[in-house]
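Keep in mind that this is a model prediction, so the values were computed, not measured. In what follows, chains are A, B, ... by sequence order, proteins preceding strands, each numbered from 1.
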2 protein chains.
Amino acid sequence: MTSYAEELILPRHNSLGWLIAVSGKQLAEDLDQRLKNIGLSIGVWPTLYALWEQEGLTQTELAERCMTAHYTTTRTLDTLEKMGLVERHPHPTSRRALQIYLTDQGKDLRHSALQQAIACNSDYLARLSHAEARTLIQLLNKAVGTEI
Amino acid sequence: MTSYAEELILPRHNSLGWLIAVSGKQLAEDLDQRLKNIGLSIGVWPTLYALWEQEGLTQTELAERCMTAHYTTTRTLDTLEKMGLVERHPHPTSRRALQIYLTDQGKDLRHSALQQAIACNSDYLARLSHAEARTLIQLLNKAVGTEI
DNA sequence: TATTGTTATACTCTATAACTATA
DNA sequence: TATAGTTATAGAGTATAACAATA
């Protein structure tokens with residue numbers, strides 16, 4: 001067990017999959033807890049996050065950005081609509097598509113919600129220097145293939 | 001939005017939480033698919049992985065290493081016992097504890113299962129050099145706090 | 001015939017808590 | 001009284017597929 005490939009799986013604390021799984025669980029649970037303090041949850045986070053970046057997306061576009069199924073997007077938007085945070089508007093050129101917009105209340109949550117996420121990230125990265133943190137994010141970005 | 005903390009959350013492809021979530025989903029789905037080719041699934045993977053590292057653990061110890069709830073460990077072991085891959089043995093000094101051992105069939109799966117995990121990791125890391133991959137794992141390790 | 005979005009249904013996962021038996 | 005493990009039950013999340021309306 002000495003090749004490059006095997007080095008990436010054993011022992012446990014060297015295993016990429018294990019480290020990512022542990023990190024994901026930790027970050028998601030932490031963010032969920034923090035979001036609950038402001039009336040949100042991890043379930044609605046990806047959708048709101050996408051809308052804070054760009055409003056007026058159709059549900060299909062939202063589903064792509066959140067990487068969730070279209071029926072999940074439908075239900076998440078039902079929830080967010082009931083909470084008064086988003087609205088479905090008729091699409092200007094297609095009568096079957098809908099454009100999703102934030103309400104004023106949804107816009108108001110942006111800052112405090114992003115603060116919660118920043119706090120999660122900072123806690124997770126507490127053991128790294130700023131330079132190391134930037135390197136980590138850059139490498140994840142490169143691996144995932146979303147870099148520009 | 002220019003501070004170090006805010007740089008770690010926006011835009012999306014710079015967000016640590018998003019990158020980790022995407023990576024985790026991708027790695028878990030890929031491994032699940034590959035494991036199904038050899039009759040396993042992602043659900044039993046952490047438990048088998050821990051046992052391939054060390055046999056004879058009690059269920060409580062296994063739950064700790066897999067970071068799952070004790071009732072999840074009970075049910076996963078039920079599944080693995082029905083599959084003929086593990087056995088519950090009486091503990092030598094405690095009549096209420098059980099020690100978990102792999103059957104020969106469970107031991108035989110070790111190599112091919114690890115190969116599947118190695119393939120997942122290699123695919124995920126395909127865009128990185130070996131040095132970059134080692135750096136990524138080292139930084140994740142440091143962040144999670146499991147480094148020796 | 002394909003696309004956008006909704007809904008019904010079932011299935012898997014997980015969480016809570018009660019339970020047995022041991023220590 | 002605390003620990004090791006099991007089980008019942010309910011809830012959340014997810015997957016499949018059928019559906020209506022529109023293109």
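D:dG5 atom P lies 14 Å from atom NE2 of B:His89, rounded to whole Å. Distance, A:Gln99 CD to D:dT22 P: 17 Å, rounded to whole Å. One interatomic measurement links the two molecules: CZ of A:Arg96 to C1' of C:dG5, which rounds to 10 Å at whole-angstrom precision. At whole-Å resolution of the value, CG in A:Leu98 and C1' in C:dT3 are 13 Å apart. In this structure, NZ of B:Lys82 is placed 13 Å from C1' of D:dT6, rounded to the nearest angstrom. Atom C1' of nucleotide C:dA21 and atom NE2 of B:His91 are separated by 16 Å, given to the nearest angstrom. Whole-Å rounding puts the A:Lys36 NZ to C:dA15 C1' distance at 11 Å. Distance, A:His70 NE2 to D:dT14 P: 14 Å, rounded to whole Å.
Residue A:Thr72 is classed as having no contact, given no heavy-atom separation below 4.0 Å to the nucleic acid. Using a 4.0 Å heavy-atom criterion, one finds that A:Thr68 contacts no nucleic acid atom at all. Within the 4.0 angstrom heavy-atom criterion, only backbone atoms of the sugar-phosphate kind lie near B:Thr60; the bases stay farther away. Residue-level contact check: B:Ser94 touches the backbone only, with heavy atoms under 4.0 Å from sugar-phosphate atoms and none from bases.
For D:dA15, the OP1/OP2 oxygens have a side-chain nitrogen or oxygen of A:Tyr71 closer than 4.0 Å. Contact annotation: B:Gln59 side-chain N/O to D:dT3 OP1/OP2 distance is not under 4.0 Å. Dashed line: the shortest gap from a side-chain N or O of A:Arg95 to OP1 or OP2 of D:dA23 is under 4.0 Å. Considering only side-chain N and O atoms, A:Thr74 lies under 4.0 angstrom from the phosphate OP1 or OP2 of C:dT6. Between C:dT6 and A:Arg88, a contact under 4.0 Å exists linking OP1 or OP2 to a side-chain N or O.
Linking Ile, Leu, Val, Met, Phe, Trp and Tyr whenever their side-chain heavy atoms come within less than 4.5 Å puts B:Trp52 and B:Val86 in one cluster.
A salt bridge does not link A:Asp78 with A:Lys82: none of the charged nitrogens is closer than 4.0 Å to a carboxylate oxygen.
Mapping A:Arg75 and A:Thr93 onto DNA chain D by nearest heavy atom places A:Arg75 at the nucleotide closer to the 5' end.
Side chain of B:Thr73 to backbone of B:Gln59: no donor-acceptor contact under 3.5 angstrom is found. At distances below 3.5 Å, at least one donor-acceptor pair connects side-chain atoms of B:Thr103 with backbone N or O atoms of B:Leu85. A:Glu55 places a side-chain N or O within donor-acceptor distance of the main-chain N or O of A:Leu102, the cut-off being under 3.5 Å.
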